[in-house]
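Quick note on labels: first sequence line is chain A, next is B, and so on, each numbered from 1.
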2 protein chains.
Amino acid sequence: MRSNADDLTTRARIRDAAIGLFGRDGFSRATVRAVASDAGVSPGLVIHHFGSKAGLREACDQHVLKQTATQGREKADPGSTGRLIQDYLNNPEQYTEEIAYIRRSLGDESDAGDAFFDAVVTQCQDIIQTGIEAGTIRKFDNIRPVAVVIAANSLAFLTLGRHLSRTLGIPSPEPNGIGPDMLRQLTLPLLEIYTHGFYSDARFLTAAREALEGNNTNNGREHAP
Amino acid sequence: MRSNADDLTTRARIRDAAIGLFGRDGFSRATVRAVASDAGVSPGLVIHHFGSKAGLREACDQHVLKQTATQGREKADPGSTGRLIQDYLNNPEQYTEEIAYIRRSLGDESDAGDAFFDAVVTQCQDIIQTGIEAGTIRKFDNIRPVAVVIAANSLAFLTLGRHLSRTLGIPSPEPNGIGPDMLRQLTLPLLEIYTHGFYSDARFLTAAREALEGNNTNNGREHAP
DNA sequence: ATTCCGGTTGAACAAGTGTTTAACCTATGA
DNA sequence: TCATAGGTTAAACACTTGTTCAACCGGAAT
């Protein structure tokens with residue numbers, strides 16, 4: 001995806017270097033000088049092109065957001081989602097910078113992070129809607145909160161990827177912790193829960209339902225983990 | 001929990017101020033001067049007590065870790081878990097600083113974050129183990145990856161709490177985004193998935209299983225979201 | 001009372017930060 | 001050919017950062 005270096009305009013090269021550094025070190029730790037050095041350019045030029053460090057971040061936000069938005073639209077076609085994942089698994093390095101950047105945006109307080117999260121939620125909502133109509137996904141009374149839960153669970157693999165691969169004992173070089181090895185170990189357990197459930201019966205569910213319906217004011221009796 | 005101010009030793013007051021600021025602004029954005037000011041103390045004294053900013057962080061890490069470890073041990077008693085959650089819901093402000101600090105630790109690269117994540121995983125593992133023996137949780141062949149998945153899903157509520165409450169339209173003052181309103185809206189959907197599953201049948205699961213068993217080399221056919 | 005020592009401060013320092021400015025180079029258009 | 005404009009740089013600026021240092025205070029020990 002990232003073209004092989006200097007056939008890009010200088011402005012784009014600076015932007016890409018900033019995306020890489022912001023994703024790796026975070027917005028505050030990454031310095032204008034480091035961005036300039038990575039782009040092979042003087043610090044002054046960075047300011048000249050983007051006005052300020054905040055302006056540079058704004059440009060990075062918009063670029064990454066546009067980038068992922070087009071991928072999201074392709075993903076809406078249910079057939080291509082498998083192809084997309086396979087594409088990612090075949091050469092994950094392609095997307096690592098964008099992924100790291102998005103993870104940082106989700107953690108930092110950032111408009112881009114907000115937009116990305118909301119996009120994932122609505123995408124989950126669409127998938128659930130069509131899945132219910134197609135009969136592959138169970139029917140839910142109110143799909144909105146279900147979409148939120150599924151989105152959060154899915155994004156956990158992104159925000160916690162480093163810990164997941166670490167705790168699974170996967171040797172580090174998987175970028176962002178999300179790589180073939182990790183997915184191969186966690187896909188089946190997750191799908192099993194998503195298919196047959198986690199609890200053996202409805203005891204926890206009915207208990208929580210009664211507690212929540214009983215007194216709507218405050219104390220909900222909660223699930224185990 | 002936090003005692004009401006100045007009955008603490010100066011060192012402890014500095015440490016607590018640092019925990020608050022590190023959690024709110026992140027380690028690099030929070031300055032030694034801000035910590036000193038919050039603790040009503042001079043910047044030099046902070047260094048005098050902790051040697052350096054990194055030393056201060058180390059002390060904060062250890063303190064928060066010890067704090068949550070004792071709570072974790074209490075939580076191991078299955079009966080008290082509900083009590084603990086109810087306790088939290090009744091006055092969440094009590095733990096907000098520790099929670100914010102842990103969230104930052106999970107995102108930043110940090111030994112404390114690693115330790116906390118691993119602790120949550122093993123705690124999930126214990127809960128699943130006893131749950132299986134008690135018959136409340138389905139039997140899994142290999143509980144370790146299941147515990148990792150459950151831990152990641154649970155911690156998603158922590159790392160993404162801000163986005164969850166935001167996307168649900170909950171007015172902001174819920175600390176860290178995790179409050180009664182959010183839990184009330186998401187508990188039942190999550191428990192329903194954990195009880196009856198998300199997919200309507202085993203199509204996705206068997207497809208993934210075949211794909212993973214078929215060629216162990218690389219391409220795993222993945223689930224929808 | 002005097003000494004001493006740990007907690008504490010204020011000012012200073014050195015390094016690093018984002019940003020500005022004046023000058024430079026190069027290519028394009030008149 | 002010359003002037004102009006825009007991309008580019010090196011140096012400087014103003015400020016913040018973590019950290020150091022000498023001095024100060026107050027109380028406990030001698």
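Along DNA chain D, the stretch of nucleotides lying under 4.0 Å from any heavy atom of chain A spans, 5' to 3', dG7(D) to dA12(D).
Comment: Arg13(A) does not engage Asp38(A) in a salt bridge, judged by the lack of any side-chain N to carboxylate O separation of less than 4.0 angstrom. The residues Arg11(A) and Asp16(A) are annotated as not salt-bridged, no charged nitrogen and carboxylate oxygen being separated by less than 4.0 angstrom. Here Arg104(B) does not pair with Asp25(B) in a salt bridge; the nearest charged N to carboxylate O distance is not below 4.0 Å.
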Quick tally for nucleotides 9-28 of chain C: nucleotides whose base has a protein heavy atom under 4.0 Å get B, sugar-phosphate-only ones S, the rest -, giving B--B----BBBB--------
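For the pair Lys53(B) and Phe27(B), the cation-pi criterion (under 6.0 Å, within 45° of the ring axis) is fulfilled.
Partner of Ile102(B) under the side-chain contact (heavy atoms from CB on, under 4.5 Å) criterion, out of Leu65(B), Thr159(B), Thr68(B): Thr68(B) alone.
If you check the side chains of Asn176(A) and Thr96(A), you find no donor sitting under 3.5 Å from an acceptor.
Across every non-hydrogen atom of Phe157(B) and Leu164(B), the tightest pair is CA-CD1, 3.9 Å.
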